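None of the values given here were measured: they were computed from a predicted structure.
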Amino acid sequence: MTTVSAPPAVRSRVADLAAAQITGWQEGYLKDRPRDVAALARLRRGAGREPGVLPDLWTLVDTGPLHSRVEGVRPLGEAELVRAENALHAALTLWALHQQSRGARMHRAHTPQRPGGLGAAVRRLMPANDIDEPVRKRLVRAGTAPDLTSLSQRLRELVVLLRRQDIPLDYGLLAGQLYAWQAPGGGDLVRREWGRSFHSWQPPTAQPGNSSGSVDDLALTPDDSDKDAS
């Protein structure tokens with residue numbers, strides 16, 4: 001069994017930092033503050049692109065708090081900082097694309113009553129009591145991405161669909177998952193989380209016995225990824 005080497009404490013710090021940064025920009029954007037509107041415009045150009053490609057984003061994707069010395073908390077290693085930077089870049093830029101021209105908050109914190117994970121958001125794109133196979137395969141395809149850049153590009157496709165229907169996402173949660181995804185064994189962990197999230201959202205009209213299935217329905221099989229690889 002593969003051991004996942006992404007300490008939960010680091011993942012939580014990345015998630016909290018992403019949520020804090022996005023919340024500030026989001027509130028400013030919705031109030032039409034020029035500085036925040038400009039920040040969103042800059043960030044969204046980086047959606048689906050590798051970190052570091054756009055020097056203009058270096059001052060926006062701020063990992064400074066992760067370098068801070070906190071009593072009782074060990075400093076992060078170089079590999080952890082790289083994963084954190086990658087995860088923050090992907091989450092912040094995808095949120096900016098999602099929020100563009102939307103008058104509602106596209107980042108919304110997950111709660112058990114209102115699941116905000118990626119799987120739940122994708123499920124909301126589908127009919128209440130049916131599975132939309134093309135949409136499901138987009139989630140499968142994201143889960144089988146070979147690297148973080150490819151994953152970001154495939155998530156970008158899903159974010160565009162969510163944006164069209166004003167379906168929000170917990171980008172702090174996503175940032176933590178993108179951090180974990182980069183660690184050995186992390187892809188399997190995150191795929192399972194997306195599968196559980198997919199089934200955590202129940203349509204208001206769902207009837208007992210008419211379930212959309214189990215987490216295994218989202219099993220990321222080679223057949224799924226190969227057929228939808230183009």
Side-chain angles (χ1 to χ4, degrees), residues 2 4 6 11 18 44-51 53 83 86-100 106-107 110 115-128 130-201 203 211-230:
T2 304
V4 178
R11 173 176 171 171
R44 72 170 180 263
R45 289 196 291 269
R49 305 182 69 175
E50 291 186 20
V53 170
R83 291 173 189 157
N86 292 342
L88 285 168
H89 171 89
L92 269 53
T93 56
L94 288 169
W95 162 77
L97 176 67
H98 199 165
Q99 187 64 58
Q100 180 189 10
M106 293 296 100
H107 162 63
H110 164 85
L118 179 66
V122 170
R123 181 64 183 88
R124 291 181 63 187
L125 289 168
M126 302 181 184
D130 196 9
I131 298 296
D132 184 321
E133 274 301 305
V135 173
R136 186 193 72 89
K137 284 190 175 182
R138 286 181 183 271
L139 181 58
V140 169
R141 189 165 176 258
T144 56
D147 53 56
L148 188 64
T149 299
S150 298
L151 175 58
S152 298
Q153 291 168 350
R154 295 174 187 186
L155 289 177
R156 189 184 191 281
E157 297 172 0
L158 287 170
V159 164
V160 169
L161 297 179
L162 296 174
R163 179 177 171 274
R164 288 174 184 168
Q165 296 194 29
D166 283 339
I167 297 174
L169 193 60
D170 185 334
Y171 278 93
L173 175 61
L174 181 63
Q177 290 172 331
L178 294 176
Y179 174 83
W181 190 89
Q182 298 170 78
D188 292 337
L189 171 69
V190 172
R191 281 190 290 271
R192 288 196 298 270
E193 291 183 6
W194 288 349
R196 289 194 296 271
S197 174
F198 183 89
H199 296 289
S200 71
W201 186 81
S211 169
S212 56
S214 68
V215 174
D216 290 340
D217 290 344
L218 277 182
L220 306 182
T221 64
D223 286 345
D224 273 327
S225 59
D226 289 345
K227 286 188 291 186
D228 201 34
S230 59

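Between the CG atom of L161 and the NE2 atom of H98 there is a distance of 10.0 Å, given to the nearest 0.5 Å. To the nearest 0.5 Å, the span separating CG on L155 from CZ on R141 amounts to 11.0 Å. Separation of atoms CH2 (W194) and CG (L189) is listed at 10.5 Å; rounding is to 0.5 Å. The line from CZ of R191 to OG1 of T144 is 7.5 Å long, rounded to the nearest 0.5 Å. Once rounded to the nearest 0.5 Å, the distance linking CD of Q100 with CH2 of W95 reads 11.0 Å.
Residues R138 and V122 are not in side-chain contact: their nearest non-hydrogen atoms beyond the backbone lie 4.5 Å or more apart. For the pair R156 and L94, the minimum side-chain heavy-atom distance is below 4.5 Å. The closest side-chain heavy-atom distance from Q177 to R11 is below 4.5 Å. Put simply, the side chain of P168 reaches to within 4.5 Å of the side chain of R124, judged on heavy atoms. With contacts defined as side-chain heavy-atom distances shorter than 4.5 Å, the pair F198/M126 qualifies.
The two residues L173 and G117 have their closest heavy-atom pair at CD2-CA, 3.7 Å. A121 and L162 get closest at one heavy-atom pair: O-CD2, 3.5 Å. Across all non-hydrogen atoms, the minimal contact from W181 to D147 is CH2-C, 3.4 Å. Across all non-hydrogen atoms, the minimal contact from P115 to S200 is CB-OG, 3.4 Å. Nearest heavy-atom pair, A142 versus L151, reported as atom, atom and distance to 0.1 Å: O-CD1, 3.1 Å. For L158 against L139, the heavy-atom pair with the smallest separation is CD1-CA, 4.1 Å.
Ring orientation note: the planes of H107 and Y171 are tilted relative to one another, at an angle of 30° to 60°.
Looking at E157 and R154, no side-chain N of the basic residue comes within less than 4.0 Å of a carboxylate O on the acidic one, giving no salt bridge.
A distance-only check finds no donor-acceptor pair linking the side chain of H110 to the backbone of G172 [under 3.5 Å]. A donor-acceptor distance shorter than 3.5 angstrom exists from the side chain of R123 to the backbone of A128, with no hydrogens or angles considered. A donor-acceptor distance shorter than 3.5 angstrom exists from the side chain of Q182 to the backbone of L178, with no hydrogens or angles considered. With hydrogens and angles disregarded, a donor-acceptor distance shorter than 3.5 Å links the side chain of H89 to the backbone of R49. Side chain of S152 to main chain of L148: a donor-acceptor pair is present (N/O by atom type, distance under 3.5 Å, no hydrogens or angles).
Take D132 and apply the side-chain hydrogen bond (donor to acceptor under 3.5 Å, both in side chains) test, not counting sequence neighbours, and it matches no residue. For E50, there are no salt bridge (charged side-chain N to carboxylate O under 4.0 Å, His left out) partners at least two apart in sequence or on another chain.
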message: Between M106 and D166, is the side-chain contact (heavy atoms from CB on, under 4.5 Å) condition met? List the steps.
response: CA-CA 7 Å; M106 293 296 100; D166 283 339; 4.2 Å; yes

